[in-house]
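Have a look at the structure below before the remarks.
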Amino acid sequence: MVTEKSTSGVSRRNFLQAVGAGSSAGVMFATMGAMGLAPSAAAQPRAESWVPPRGSDFTLTGRSTRKVVVVGAGPAGLATAYELQKAGYRVTVLEARHRPGGRTLTIRGGDSETDIDGVTQTARFADGVYMNAGAGRIAQWMVTMDYLRELGVPYEVFTNANADAYLYNEKSGATPGRPVRYRTAKADVFGYTSELLHHATDQGALDQRLTAEDKQHLRSFLRSWGSLKSDGTYAGGNNRGYEVYPSAWNEHGTPLSGPGTVSEVLASKVGQYFPFEVNWEQSMLMFQPKGGMDTICRYLVRAIGSQNVHLSSPVTGVENTGSGVKVTYTARNGRERQIEADFAVVSAPAGLMRRWDTNWGPEIDAALGEFAVGSPAGKIGLQYRSRFWEDDHRIFGGITETDMDLAHVWYPSYGYGERKGLVVGYYNTGANARAYGDLAPRQRELRAVEQGVKIHGEKYRTELDSSFSIAWHKVPYIEGAWAYPNTASSGFKRLQQGTGNVYFAGDWMSEISAWQHGAFWSARYAVQSLHQRVMSS
């Protein structure tokens, strides 16, 4: 699953100090950072160390390989099994659901899901059309990309930001049929912000922080960045977009009519969306596996061996024993079974673990309680008979942002130019996700379409073919989208140590919750801890 976190701001004092850095490049970058237009250096990811276990670790030391039970076939569990098996460990994976992947869930035509209320949906999507119901994008710096390449998973660009997508803030005055293009809103916010800063340099407001040369560099940057006139004022320009685009034979095009006033632009609150695209988690380029996000999990299962991954096998107990661990589960045939092994790595949701029979003790149970409630999140996939958003709106991929309970509308980053396509009609969290989740699937569709029509027009209703929706807090054996770990808490540190012969993994056991990247790294650290212990015994 993916999350969208805002970039932290910079105080005015720090902003002025940064602007006085001295060089024009320093002034420009610091100014951009203060405006929420560039990430700070401190926010950049750092390289991590990872030394995978190898088969030679056993053969060269004369040690025998060990048996490990992995609970959960999401990214963390599958990566754990994959890395251990490469080194020669004997691995069995137990997965409660009927398919691997966990929240890396892709819905295709014919797929069925039944929620905890007993409501079943079966997708009626066309061949080649799919919905990433959970995880949906991968930043290029993430370790997920390493697994795509190592496993040979084909991938393609995911368009996370599109200048021609829309912004629609209904609470700030947007009306049906009048969404604003992302490029237009950005031009106006950047333009007026640049104008205000430009005037501030002329009126002495920055004299104590900037030299005359600094101010000259800053004004030069602002005129370029904000498309200001020579006198430092903003009046719009062709970067806002066109009513009619230029063509040929002196057809110069018709630019959009001028912007509203600075007060109107600020009141629209569209500027709140722009830090998203420079957020270190969300910045382009981003990627997705071809054919659906769960492709990476299918490749992992293939590498591990499907015979080693037992589906529809929910675990009911994990206990430390004198010689290792004992894992109790319900097999596909409904019978209770037990597996004894040297170690277990558990990557199930923390809330589910607390319901099992364990002998971990109250300290571990309390620590798991910090992550027991998964955040609600929901999505709906709307399949259309035509790709009218491409034909009529000229939108090819990207995201439309709203302040309605839809939150985000995603356009597909695959299948361009094909006849049918699928739009994620809402991707929401928190109270909005619960509100939609409480509705029957048909009512979710009607509510999402009714609001989407305000942005896209009647074709958003009349071209609709079918839909499939998911409320993650109602998915059996998952019951939530993600947890927000407090990585400084004593409970988090306690879980990192494991208990007895049991180790824990999952995106919630990482610094990057809600991303496959965090799940993969948590698996690596669990594997590393387990292997170091085996090698030292």
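These numbers come from a predicted model, not from an experiment.
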Separation between [atom1] of [X] and [atom2] of [Y], rounded to the nearest 0.5 Å:
{"X": "L84", "Y": "Y89", "atom1": "CG", "atom2": "OH", "result": "6.5 Å"}
{"X": "R524", "Y": "S49", "atom1": "CZ", "atom2": "OG", "result": "10.0 Å"}
{"X": "M286", "Y": "T159", "atom1": "CE", "atom2": "OG1", "result": "11.0 Å"}

Is it true that K474 and E479 have a side-chain N and a carboxylate O under 4.0 angstrom from each other?
-> no

Which heavy atom of L148 sits nearest a heavy atom of P289, and at what distance?
-> CD2-CG, 4.0 Å

Check whether the side chains of E156 and Q288 place a donor and an acceptor atom closer than 3.5 Å, and report yes or no.
-> yes

State, without any angle test, whether E95 and H310 hold a side-chain donor-acceptor pair at a distance under 3.5 Å.
-> no

For the ring pair [X] and [Y], is the centre-to-centre distance below 6.0 Å?
{"X": "W389", "Y": "Y166", "result": "no"}
{"X": "F396", "Y": "Y411", "result": "no"}
{"X": "F287", "Y": "F158", "result": "no"}

Within 45 degrees of the axis of the six-membered ring of W410 and under 6.0 Å from its centre: does K379 put its NZ or CZ there?
-> yes

Tell me whether the guanidinium CZ or amine NZ of R447 lies under 6.0 angstrom from the six-membered ring centre of Y436 and within 45° of its axis.
-> yes

